[in-house]
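Everything below concerns the one structure shown next.
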Amino acid sequence: MSTIAAPLHRLRAPVARFRALPLTLRVALAIAFLAGFSLALRTQAIHARYWIDEGLSVGISSHPLLDIPGVLRQDGSPPLYYLLLGVWMKVFGHGEADTHALSLGFAILLIPVAFAAGRAIFGGRAAWIAAVLAALNPFVTYYAQETRMYSLVVLLSVAVTSTFVLAFVQRRRTWLPAFALALALVLYTHNWALFLAMGTVAALAALIGIAEDRRALLRDAVLAYGAVALVYLPWAPSLLFQARHTGAPWSNPPGPATAMRAVTSLLGGAAPAMAFALAVGFGLVAVVASDRVRSVPGRTVLAVAAIGVTALAVAWTVSQVSPAWALRYLAVLVGPLLLLGAGGLARAGTLGTVVVVLLAVFWANNTRVDALESKSNAHTAAVLVRDRLEPGDLVVATHPEQGPVMHVYLPDGLRWANAMGPVADPQVMDWRDVLERLRAARPTPTSDALVRTLRPGQRLLLVQPIIRSGSWRAPWTKLIRRRAAQWERVLDDDPRLARTLAVPRLRGRALPRGVRLVLYERR
């Protein structure tokens, strides 16, 4: 027997035994294998230190559960993820790996959910492609290792898209409650889910335009969306308050190129996105050409495409008026993109198979471990100063969002302030009318009032942002850049203070992401 044939011969027995297993067990084992591979891929940076937004997550979720919805009036987010994280931390702990594990769990659960969704709306071949895409997608891999809500948003966006198709395209009315529940949950997870909801409304309108049973479809829509409205109604006053007083002053209006780059980033870059689009487009044209738009497969393609395109278009348009654009928010689009991609690739024949293999290879090597591990130097910088701090010393964050993450890493018993004055709750960033408040807070009188609270020998730790580029051009970030420079000049010139330390030392080194800490002592 040749050296090549011998290993193949030894594989025949286990392969034969696998094929002899019941189909359900074979499917479960194959999904478990995918989940295990995905787990290995998505734990390479599970111990990565927190950055700004993760500090906010931990800080908000550290409050008593019943207080979290009220705390979020200062932040601008809905409460579901923070409530889940609060319970999770009580059980598993507050460390980076502990809290990242919650996001990882949502990312791994995505694999069987994507499989079931793909099989239900596009068939068995699409199910396996959806599972592979869910297991390896680099966007999901990144946020599976971050203490934020985005992997949960992806999971729920798949659930919303698939249950919409089951309920309103395939007309399986037993799925109406599942659709209403999934939509309500994602609305309680992230405000951009409102754009996903608008996408489902646009898809419903398109279906009504070509439906024969329009009255029944409208009746089911009233039932489902009415239930969502009733469930979401208690949060509506908080949402309206947030819309008036928080917003995203750190964001700029996106241009058309920004939107396209954002979508390609969901697929790991321009090259895989082009291959994906080519194969999926080829497959979807085949669906529409062979089955026609009015058929169930044709209407499924129409509905899922309408959900994704409308959600993106509305998000982009709204961000022109009230900027709130961030790549991570596009998690709401991953559901329709993944399922539409699975359906198109499944119908693209050999081309689809080749593209799936290429994507799998590329994505498995695109885990962005370095980016995850260098999100912030907050922990490293805190280690360099925390032994010099004692209870009663004062921490002032000129980049106020850095306060909560520094609170995670600095000792207990410190007093906290930012460029707008004393901070009562250092675990939360108060975004309410923040741009106006920061403009009104002049560095000299604000710092003078804070320095007067220090006794001789007490210390003031100034938390400064490290500005790595000229991209700080939004109204908030431009003002932070100016205020940070002003604060350091004012404190350096204050005769009551002696500057004793500045870390990390940046001269001659590549600038890290995060903070620079300057320590002063009251003379």
Side-chain angles (χ1 to χ4, degrees), residues 38 41-46 48 50-61 72 75-86 88 96-111 113-114 133-161 182-183 185-197 199 248 250-251 261-268 308 311-312 315 319 324-339 363 366-369 371-372 375-376 401 405:
S38 182
L41 198 68
R42 291 172 174 170
T43 52
Q44 296 182 46
I46 195 73
Y50 293 137
W51 75 294
I52 290 176
D53 284 12
E54 293 179 287
L56 296 172
S57 294
V58 172
I60 292 168
S61 300
L72 286 168
D75 178 81
S77 296
L80 178 60
Y81 171 76
Y82 299 95
L83 293 169
L84 294 174
L85 180 60
W88 183 270
E96 291 93 348
D98 301 324
T99 59
H100 290 161
L102 178 61
S103 299
L104 176 64
F106 295 134
I108 299 303
L109 182 59
L110 175 67
I111 298 166
V113 170
L133 298 181
L136 303 177
N137 179 267
F139 180 89
V140 180
T141 297
Y142 186 91
Y143 289 105
Q145 299 168 92
E146 188 168 288
T147 306
R148 295 295 283 167
M149 70 288 293
Y150 303 112
S151 63
L152 175 58
V153 172
V154 171
L155 176 66
L156 291 173
S157 75
V158 170
V160 168
T161 305
L183 185 55
L185 289 176
V186 76
L187 287 170
Y188 269 105
T189 304
H190 198 279
N191 286 334
W192 265 40
L194 291 164
F195 305 139
L196 184 68
W250 42 263
S251 180
R261 284 195 301 269
V263 174
T264 59
S265 67
L266 298 180
L267 297 167
L312 177 63
S319 292
W325 184 271
L327 168 61
R328 54 193 179 271
Y329 295 175
L330 296 183
V332 297
L333 299 180
V334 175
L337 183 65
L338 186 150
L339 293 175
W363 287 356
N366 186 25
T367 54
R368 299 179 65 192
V369 174
L372 283 161
K375 289 180 293 186
S376 174
E401 306 101 294
V405 71

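Because the structure is a prediction, the values reported are computed rather than measured. Residue indices begin at 1 and follow the sequence shown.
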* Look at the aromatic rings of Tyr50 and His100 and report parallel, tilted or perpendicular, splitting at 30° and 60°. => perpendicular

* Please work out whether the ring planes of Tyr143 and Phe139 are parallel, tilted or perpendicular, with thresholds of 30° and 60°. => tilted

Looking at every non-hydrogen atom in both residues, tell me the closest pair between [X] and [Y] and how far apart they are.
| X | Y | answer |
| --- | --- | --- |
| Ile111 | Ser38 | CD1-CB, 3.7 Å |
| Leu187 | Pro78 | O-CG, 3.6 Å |
| Ala48 | Leu372 | CB-O, 3.4 Å |
| Val140 | Asn137 | N-OD1, 3.0 Å |
| Ser319 | Trp192 | OG-CZ2, 4.2 Å |
| Val186 | Ala193 | O-CB, 3.2 Å |

* Asked: Given Glu54 and Glu96, is the side chain to side chain contact (heavy atoms under 4.5 Å, CB included) satisfied, shown in steps?
  -> CA-CA 9 Å; Glu54 293 179 287; Glu96 291 93 348; over 6 Å; no

Would you mind reporting whether [Y] and [X] have side-chain heavy atoms less than 4.5 Å apart?
| X | Y | value |
| --- | --- | --- |
| Ser103 | Thr147 | no |
| Tyr329 | Tyr150 | yes |
| Asn191 | Ser77 | no |
| Leu83 | Tyr188 | no |
| Tyr82 | Asp75 | yes |
| Phe106 | Met149 | no |
| Pro138 | Thr367 | no |

Return yes if some donor-acceptor pair links the side-chain N/O of [X] with the main-chain N/O of [Y] below 3.5 Å, else return no.
| X | Y | value |
| --- | --- | --- |
| Ser61 | Val58 | no |
| Trp88 | Asp98 | yes |
| Tyr81 | Arg148 | yes |
| Gln145 | Thr141 | yes |
| Ser251 | Trp325 | yes |

About how many Å separate [atom2] of [Y] and [atom1] of [X], when rounded to the nearest 0.5 Å?
| X | Y | atom1 | atom2 | result |
| --- | --- | --- | --- | --- |
| Tyr142 | Ser151 | OH | OG | 13.0 Å |
| Ile46 | Leu104 | CD1 | CG | 5.0 Å |
| Leu84 | Leu152 | CG | CG | 6.5 Å |
| Leu110 | Leu155 | CG | CG | 6.0 Å |

* Asked: For Leu196 and Ser157, what are the C-alpha separation, side-chain angles and deciding distance, and is it a side chain to side chain contact (heavy atoms under 4.5 Å, CB included)?
  -> CA-CA 8 Å; Leu196 184 68; Ser157 75; 4.0 Å; yes

* To do: Walk me through it: do Leu85 and Ile60 pass the test side chain to side chain contact (heavy atoms under 4.5 Å, CB included)?
  => CA-CA 9 Å; Leu85 180 60; Ile60 292 168; over 6 Å; no

* Asked: Quick one: does NZ or CZ of Arg328 land under 6.0 Å from the six-membered ring centre of Trp250, within 45 degrees of the ring axis?
  -> yes

* Assess whether side chain to side chain contact (heavy atoms under 4.5 Å, CB included) is satisfied between Ile52 and Ser376, documenting all intermediate values. => CA-CA 8 Å; Ile52 290 176; Ser376 174; over 6 Å; no

* Residue that, paired with Leu337, satisfies side chain to side chain contact (heavy atoms under 4.5 Å, CB included) out of Thr161, Val158, Leu330, Leu267 -> Leu267

